[in-house]
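Okay, structure first, notes after.
Treat the numbers as computed from the prediction; the structure is a model and nothing was measured. Both counts, for ligands and for their atoms, begin at 1 and track the order of listing.
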Amino acid sequence: MTTKTKLRDDILRHLKYSLGKDESHAQITDWRLALSYAIRDRIVDPWFASTRATYAQQGKRVYYLSMEFLIGRLLEDAVVNLRLLDETSEIFDGLGLSLDDVLGDEPDAALGNGGLGRLAACFLESLSTIGCPAYGYGIRYEHGLFKQSFEDGRQIEAPEDWLTQTHAWEFERPEASFSIGFGGTVTDLGGKTVWTPDEAVVAEAFDTPIIGWDGNWANTLRLWAAVPEQVFDLDRFNAGDYYGAAQPENTARTISRVLYPDDTTEEGKRLRLKQEFFFTAASLRDILRRFDSEYDDLTLLPQKVAIQLNDTHPAIAGPELVRLLVDERGLALEQAIEIARGCLSYTNHTLLPEALERWGIELMSDLLPRHMQLIEAIDKAHAAEHPDRQVTMTDEGDVLMGPLAFAMAHKVNGVSALHTELMKETVFAELHRLHPDRIVNETNGVTPRRWVLSANPRLSQLITQAIGKGWVDDLERLKKLEPMADDRTFRDAYAAAKRANKADLSNYLGERGTDVDPDAMFDVQIKRIHEYKRQHLNILETIAHWLEIKDNPNADWVPRVKIFGGKAAPGYVFAKEIIHLINAVADVLNRDPQTSQYLKVAYPANYNVTLAERLIPAAELSEQISTAGKEASGTGNMKFALNGALTIGTLDGANVEIRDLVGADNFFLFGMTAQEVVERREVANHAQKAIEADPRLKRALDEIRKGTFGDSFDGIVGNISGPDYFLVASDFTDFYRAQRDVEKAYADQDDWTRMAVLNTARSGWFSSDRTIRGYMRDIWDAQALVAG
Ligand code: 73E
């Protein structure tokens, strides 16, 4: 039987016997589930084989602890990685259905906010592709990131409810559950410290297999759901207190109810700390249980277990692991700290002060009294080793999670070369002086399976025709495309693929109310809305350019569509005003008969992984315009470069490395450097000076102020004209200049394509496979295995 016939039979069998549906009555969801089960069947064997190989070879396991896994849809990934896409597509053609519709029916699991969560998802896929034994550990949120819509141009949030739609990926593991305690008291029982919590919830495991490229290896994403120890309070029910009877259930479930919708801002919420401890403690218990099943010598732990902390969100792992080793296993404190540090390492993702976690000592003592004692003990031990130190793990009544994570990790990494250097110079300067070998850099990456092969099939086909299939798991082979930048036939084919992707996107945008010309330049800024990312700089430049077109509507303007996508944290007032302004500008410009043929603004709502997969392959210009020193890395920037969009950007995060690799001639640089940014802030009235020096900027601000876009947007205009911490005014003039350079370059379409080809050819280094190999070598000391 051929692969295709067998798969088809399996789909039909699942439709009938797993879903109980007759072909003639099957809905799209039934087909999606039938396909999912048939695909899942093909993952289970390699999954088991991977586990067996890890046990048989006593391999070191990597545990990636993360509050967020922005995995998106999984079915297409699985079909692609099993190399069954063509067969699957033909099967559904034969059934009179479109595979795109079937794949599109899957809920997009938005268990993350942005880059940090998406990075975790790319890492899981690369770990499986490489064959590194690994587990992702996180929270099974009932509600992921909120759904965004616009009303009168303003963001409206609605709850996300992916779990109400059936999906086939998770296996419930009621046998793998742990009771996690909070609060209570600590007592000394004859030299033995005992923590007696006064509240407990059960962490129940749900496993999702993550299959790597070519289907050889699969790792597990284990997400914890919070369930009550006692489902129901029968006494209260019998006493007539029907609502009260359900209270234990509610209190427990609240912990895994919803993802915190903040990206790079931290909210000091008790529930957040509970979530962090909940999943960290459950994961550590699970890790030790697995270790105990194989070894009986705790000093082997660092040789067999690597635990990566994705930012400080799981940093309570330090004290908790020490507690398990000291209080429950009887080790001495110093030895416990050493063993824990041998296992733990910490990734820092941001230097923004508002995102550096700190928890009130009072809250910590109340919720985790034993951990508070151990944090003080860890701090004291560190002080004893470094008598001249200034840093402390507590400050002004708070526990500082960054220094704590640093002290408890054997390696601490930044996510781009620039960010790692800034870590050494600023936030961790003193800790770096005390531990000069601890900080390492691991520049982020993205998985080419999702972000090129499946998101951009046209480009992928072209690449494979040109250089063979090997690039998919050896992305630096894209280098072989370099000479083809000078090959006319290849360039034409490359441009045709881009043009077709743009046509698809313009249909999509058209269906959502914004008609755009597929021959215009597609200029895209997609990411969380944040002042440091400066969407307001982009829209301000758009207004200035619009005014310039209006002055001279008959000139030969390069048509452009400015596309925005992104959500604002619900409590972030300034970011929400930026959203409102973008929509208000879109409203005016798109209806302007003089200019709309040259300049339009599109802002599709509810930006998520699925929408990113549509936008990136169609993009020609990638906006990476953060204030230098503020964007730790960025990963969208890498996806764009791989898909042949040219970057307009500052020297920030991984933009620096992108520019180094693709070449300065193929990158539109503007703006101040991180150093210049610091100096500029010292200049008195820097914003006013910049505005007075640039009449275009002044005019754009006046245009907003006078109400052309409905509202007067006092927050934005006032900020840019006043404190302007993110230096929108000071970077405006150079940004405007760089945008005109972009237009000049775009006017020569063929040369533009040449530059785009070079971007693709030279971006192979940004594969997350390369990043993971770096972590394995520099941080985890982990080896890849082969499943039998
Ligand atoms: O530059 C990005 C980076 O590419 C950075 O802002 C982001 O992480 C990406 C992956 O390394 C990030 N997210 C957060 N901090 N940095 C964060 C902070 C608090 C809550 C949720 C996310």
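- The contact set between ligand 1 and A632, taken as ligand atoms under 4.0 Å from a residue heavy atom, comprises 1 (O).
- Of the polar atoms of N444, at least one N or O is found under 3.5 Å from an N or O of ligand 1, judged by distance alone.
- When each atom of ligand 1 is checked for a heavy atom of Y532 under 4.0 Å away, the hits are 6 (O).
- Neither the backbone nor the side chain of T347 has a heavy atom within less than 4.0 Å of ligand 1.
- Residue-level proximity to ligand 1 for M67 is absent, since no heavy atom of it falls below 4.0 angstrom.
- Checked options E76, E613, E125; the residue passing with R449 is E125 (criterion: salt bridge (Lys or Arg N to Asp or Glu O under 4.0 Å)).
- Counting only N and O atoms by type, the side chains of N310 and T347 include no donor and acceptor under 3.5 Å apart.
- At a 4.0 Å cut-off, not a single heavy atom of A355 sits close enough to ligand 1 to count as contact.
- Numbered from 1 in the order shown, with element, the atoms of ligand 1 that lie under 4.0 Å from a heavy atom of D262 read 20 (C), 21 (C).
- Between H349, K630, E631, it is E631 that holds the heavy atom closest to atom 2 (C) of ligand 1.
- If you look at F279 and H313, their ring centroids are not closer than 6.0 Å.
- Interface atoms of ligand 1 facing E68, defined by a heavy-atom separation under 4.0 Å, are 21 (C).
- Counting non-hydrogen atoms of other residues, nucleotides and ligands closer than 6.0 Å to CD of E362 gives a total of 12 or fewer.
- Side-chain contact of K533 with Q525: a donor-acceptor pair under 3.5 Å is absent, judged by distance alone.
- At a 4.0 Å cut-off, not a single heavy atom of E357 sits close enough to ligand 1 to count as contact.
- Ring planes of F670 and F735: tilted class, angle from 30 to 60°.
- If you check each of G115, G634, C122 against atom 4 (O) of ligand 1, the one with the closest non-hydrogen atom is G634.
- Ring geometry for F182 against F277 counts as perpendicular: the plane angle is over 60°, on a 0 to 90° scale with 30° as the lower cut.
- Residue contact annotation: H313 has a non-hydrogen atom under 4.0 Å from ligand 1.
- In this structure, K630 forms no cation-pi arrangement with F726, as its terminal cationic atom is not both closer than 6.0 Å to the ring centre and no more than 45° off the ring axis.
- Under 4.0 angstrom from ligand 1, the non-hydrogen atoms of V415 all belong to its side chain.
- Residues H371 and E320 bring a donor and an acceptor atom of their side chains to less than 3.5 Å of each other.
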